[in-house]
There are 2 protein chains.
Amino acid sequence: MGTASKALSLLNYFSRSTPQIGLSDIARLSGMNKATVHRLMSELASHGFVEQVGAGREYRLGPAFLRLAALREKAVPMRELVMAELKTLSEVTGETAHMSLLNGDVLSNLAYSYAHLHGTMVMMEDAEVLELHSTGSGLAVLAFSPTSFVDTVLNKPLVARTSETITDPKAIRAQLPQIRRVGMAQSIGGFEQDVHSHAAPIFDATSHCIGAMAVAAPVSRMTDTLRTTIQTELAHAARRTTRVLGGFPPDTFPLPDLAAPAAESELT
Amino acid sequence: MGTASKALSLLNYFSRSTPQIGLSDIARLSGMNKATVHRLMSELASHGFVEQVGAGREYRLGPAFLRLAALREKAVPMRELVMAELKTLSEVTGETAHMSLLNGDVLSNLAYSYAHLHGTMVMMEDAEVLELHSTGSGLAVLAFSPTSFVDTVLNKPLVARTSETITDPKAIRAQLPQIRRVGMAQSIGGFEQDVHSHAAPIFDATSHCIGAMAVAAPVSRMTDTLRTTIQTELAHAARRTTRVLGGFPPDTFPLPDLAAPAAESELT
DNA sequence: TCAAGCCGGTTCATTATTTGAACCATTGGT
DNA sequence: ACCAATGGTTCAAATAATGAACCGGCTTGA
């Protein structure tokens, strides 16, 4: 691993729940020497990628990301395009729609849209982290990722988010062929109790899976009608999203059912 | 300069007008060896900081910034807080309000707010680059920056954006004492023809100037009344913004005039 | 009150990584 | 068919990263 990668990898220790970290902590977490971490953090700081907060001299992410994110979004208006799809998807299903991108061996949420239709909704946050094994989105991504990647992910310890989380690698692997067949994954209460989510993979220009689009509804609202609506609408929205981002589903990817309810009955 | 800094500095060659660049171009621009650039870009790419676009294999900024920007904004809701101030500032002045952050020796726009009051407005964009010598915001920042920094900036060649741009370092230096005295800078047509902008510096927790808040109006609309409104409102908004961001103006920074119109007459 | 233990930060001889000229293989224009 | 670009790769030589030990300061608790 090059020096630049080491510096960049330090940024991964900042998260929603750990917005600032001290020098010694980063050294411990990364396994690097304190002197090394200090030098790397200083370099990051000089470019505005991190900054030090007054008191405990802890580090936090810097303002440079706002600028670079704006430039990225200007060059590739992914978020904007995705938001448009999510908005219609949440409106037409009446439930929360969101999209997340693969980042290492984890998904991070890119955007979401609520339907202000019911009193209760599944909540979502930007940059929220979704694990691959416990979420519908994660399963969708796993099913369309190289087996070597799947192996890496499933060989690590899988934490149970809820009592419903499937943590047996074999059980997870067993689900993947069907997800591949229908082009969509489901997870009931695997990540959050009482949440039923459907997810479909999104592909880039080289037909690699880069993330997933999903619709999440409270388990209590999930009827056959809603399930059918979500499945057909999500399939189309995901396809449009892949295309609008300049990507292509792999040749093996199933077409959304127009007249053939076979796949749907298999899903249900 | 460490290796990590070299890698990070490559990101600066991406801009609004140059969203993607080829390997050889980056090597030329940075003066680094092609092999070096290739290795650094590969490391950046492996972390999602850049990505390669299909055809010409050119590089562009990657999706990682969306995630990190969301985390930064969650940890430090600078943009959100600033937006609130800008919104009221643009409403009360009836003109375009914006705020930019110092990034190296250039300002990059963080946020802006239009007043939908007149048929014509000064336009603004996220991550737009503002030079220090040709903009009101830049002058405000220069006036409250260390002299060594001012020297560095003014010793470089100063390009004339318009026929009104002041490119003589001496003339610019001559303006700074008064800007310091009144706590606000003005620029008439220095960056864009027919734009009259007022700008006030923003400070961090260590009283260092980190950027500027500004109000930009068409020259044709600038009356004495509007000027007075802008000056008083901007002074207060900038002060509130500094405070709300956890910063402090330096001890020498003038208080907004409550009952003493002396400073204002000096400004006008 | 004092000492132990933590913190962020620094030093400098040792070590491992980065560097860059020269080299491919492709592509596009003349 | 050629030339001049492009992105990408190689490997000895040069340079930068590393980390154990060290500061001084702060907090803790005996």
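Chain A is the first sequence line, chain B the second, and so forth, proteins listed ahead of strands; every chain is numbered from 1. If you're wondering where the values come from, they're calculated on a predicted model, not measured in any experiment.
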Interatomic spacing from CG in B:Leu158 to NE2 in B:His133 - rounded to 0.5 Å: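 It is 5.0 Å, given to the nearest 0.5 Å.
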Closest non-hydrogen atom pair, A:Val244 against A:Leu81: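 Heavy atoms only, the tightest pair is O-CD1, 3.8 Å.
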Heavy-atom closest contact (B:Arg161 atom, B:Thr165 atom, distance):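 Shortest heavy-atom contact: N-OG1, 2.9 Å.
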Rounded distance (Å) that lies between atom C1' of D:dT18 and atom CG of A:Leu10: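 From A:Leu10 CG to D:dT18 C1': 14 Å.
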Spacing of A:Asp25 atom CG relative to C:dC7 atom P, expressed in whole Å: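 Taking atom P of C:dC7 as the reference, CG of A:Asp25 is at 7 Å.
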Residue list, side chain to side chain donor-acceptor pair (under 3.5 Å) with B:Lys6, at least two apart or on another chain: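 Partners of B:Lys6 under the side chain to side chain donor-acceptor pair (under 3.5 Å) test: none.
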It should be established whether [X] places a side-chain nitrogen or oxygen under 4.0 Å from OP1 or OP2 of nucleotide [N].
X	N	result
B:Tyr59	D:dG8	yes
B:Thr36	C:dG20	yes
A:Arg39	D:dT18	yes

Which nucleotide in D:dG19, D:dT6, C:dG9 has an atom nearest any side-chain atom of B:Arg28: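 So the side chain of B:Arg28 is nearest to D:dT6.
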Nucleotide nearest A:Gln52 when distance is taken to its side chain, options D:dA17, D:dG7, C:dG9: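 Among the listed nucleotides, the one closest to the side chain of A:Gln52 is C:dG9.
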Residue whose nearest DNA chain C nucleotide is more 5′ - B:Leu40 or A:Ser24: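 Mapping each residue to its closest nucleotide by heavy atoms, the 5'-most match is A:Ser24.
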Which pairs, protein N/O on one side and nucleotides 9-13 of chain D N/O on the other, fall under 3.5 Å?
| residue | atom | partner | partner atom | Å |
| --- | --- | --- | --- | --- |
| D:dT9 | OP2 | B:His38 | NE2 | 3.4 |

